Amino acid sequence: MNYKICYEEIPLKVYTDGNKIYKIEFLKTCKENNIDFLAEFLKLLKEGRSVFFIDFEKIDPSIRLILETVYKIPYGTVTTYGEISKKVFNTNDYARFVGSALSKNPIPVLIPCHRVIDRNLRLHGFSGGLTLKEKLLKAEGIEIKNGKVDKRFLINL
DNA sequence: CGCCTGGCCACAT
DNA sequence: GATGTGGCCAGGC
């Protein structure tokens with residue numbers, strides 16, 4: 001089953017199998033908006049629980065642990081590629097690999113790869129484009145000026 | 001194999 | 001800060 005929603009004016013198509021969410025795509029326009037599903041989507045995004053949940057099973061095992069770790073970053077906060085690397089591999093040497101793993105994220109927004117930034121607090125990259133990354137962060141109340149995230153939103157894992 | 005690339009990082013200037 | 005350099009890693013060719 002698919003649901004089209006407009007999250008903060010960002011049009012999304014969410015793919016589900018029963019209560020499992022396994023894929024999300026960015027759309028061009030917000031023509032449709034499934035209000036009931038949007039409510040559940042917001043609950044999952046902000047509170048981490050809903051009748052729906054994230055399906056990690058089909059995600060490539062080599063990047064699954066990284067995405068599961070990213071999933072734990074709370075709403076309204078950010079962390080760095082190096083911090084994810086340190087958490088998963090006990091060293092920041094995997095920072096680049098973390099970046100490439102995030103570019104393969106099948107469930108953007110809900111697996112919040114937009115909350116991962118570089119060590120200088122710059123957004124650095126996003127498969128959907130940096131503008132969209134900034135939009136997603138601001139929607140969560142995160143302040144950005146001159147391309148840099150205010151450091152009080154930064155957390156360690 | 002070697003070589004390049006990518007959503008990085010640390011260090012030096 | 002703004003650059004430059006070197007080092008890390010897995011994946012693709």
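These numbers were taken from a predicted model, which means no experiment stands behind them.
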Undergrad: Write down the distance between CG (A:Leu102) and C1' (C:dG11), rounded to a whole number of angstrom.
TA: 16 Å
Undergrad: Whole-Å distance between B:dG6 P and A:Asp118 CG?
TA: 16 Å
Undergrad: Choose from C:dG7, B:dC9, B:dG7 the nucleotide whose nearest atom is closest to any side-chain atom of A:Phe126.
TA: B:dG7
Undergrad: Under the criterion salt bridge (Lys or Arg N to Asp or Glu O under 4.0 Å), I'd like the reasoning laid out for A:Glu83 against A:Arg119: C-alpha separation, chi angles, the key distance, then a yes or no.
TA: CA-CA 9 Å; A:Glu83 185 68 16; A:Arg119 104 194 126 105; over 6 Å; no
Undergrad: Just name whichever nucleotide pairs with C:dC8, Watson-Crick or G-U, keeping both distances under 3.5 Å, else none.
TA: none
Undergrad: Among B:dC9, C:dA10, B:dG7, which is the nearest nucleotide to the side chain of A:Phe97?
TA: C:dA10
Undergrad: Rounded to whole Å, how long is the line connecting atom NE2 of A:His114 with atom C1' of B:dG7?
TA: 14 Å
Undergrad: Looking at A:Ile24, A:Val14, A:Leu45, which one forms a side-chain contact (heavy atoms from CB on, under 4.5 Å) with A:Tyr7?
TA: A:Leu45
Undergrad: How close or far is atom C1' of B:dG7 from atom CG of A:Leu137, stated in whole angstroms?
TA: 13 Å
Undergrad: Is A:Arg122 near enough to C:dG1 that one of its side-chain N or O atoms lies under 4.0 angstrom from OP1 or OP2?
TA: no
Undergrad: Is any side-chain nitrogen or oxygen of A:Asn92 closer than 4.0 Å to OP1 or OP2 of B:dA10?
TA: yes
Undergrad: Identify the nucleotide, in any strand shown, that forms a Watson-Crick or G-U wobble pair with B:dG7, with both distances under 3.5 Å; if there is none, say none.
TA: none
Undergrad: Determine: side-chain N/O of A:Lys104 to OP1/OP2 of C:dG11, distance under 4.0 Å, yes or no.
TA: no
Undergrad: Given C:dG1, B:dG7, C:dA10, identify the nucleotide with an atom nearest to the side chain of A:Tyr94.
TA: C:dA10
Undergrad: Is it possible for you to check whether A:Lys13 lies under 6.0 Å from the centre of the six-membered ring of A:Tyr3, through NZ or CZ, and within 45° of that ring's axis?
TA: no
Undergrad: Round to a whole Å and report the spacing from NZ of A:Lys148 to C1' of C:dA2.
TA: 12 Å
Undergrad: Mind calculating the distance between CZ (A:Arg96) and P (C:dG7) to the nearest angstrom?
TA: 14 Å
Undergrad: Which nucleotide in the list B:dG7, C:dC9, B:dC9 gets nearest to the side chain of A:Asp93?
TA: C:dC9
Undergrad: What is the distance from OH of A:Tyr81 to P of B:dC9, rounded to the nearest Å?
TA: 8 Å
Undergrad: Measure from the side chain of A:Cys113, starting at C-beta and using heavy atoms only, and say which of B:dG7, C:dC8, C:dA10 lies closest.
TA: B:dG7
Undergrad: If I pick the P atom on B:dG7 and the same atom on C:dG7, what distance separates them, to the nearest angstrom?
TA: 23 Å
Undergrad: Taking the side chain of A:Arg119 as heavy atoms from C-beta outward, which of C:dC9, B:dC9, B:dG7 is closest to it?
TA: B:dC9
Undergrad: Could you tell me whether the phosphate oxygens of B:dG7, OP1 or OP2, come under 4.0 Å of any side-chain nitrogen or oxygen in A:Ser103?
TA: yes
Undergrad: Between the main-chain N or O of A:Ile5 and the side-chain N or O of A:Asn34, is there a donor-acceptor pair closer than 3.5 Å?
TA: no
Undergrad: Considering only C:dA10, B:dC9, B:dG7, which nucleotide approaches the side chain of A:Ser127 most closely?
TA: B:dG7
Undergrad: A:Glu134 and A:His114: side-chain donor and acceptor closer than 3.5 Å?
TA: no
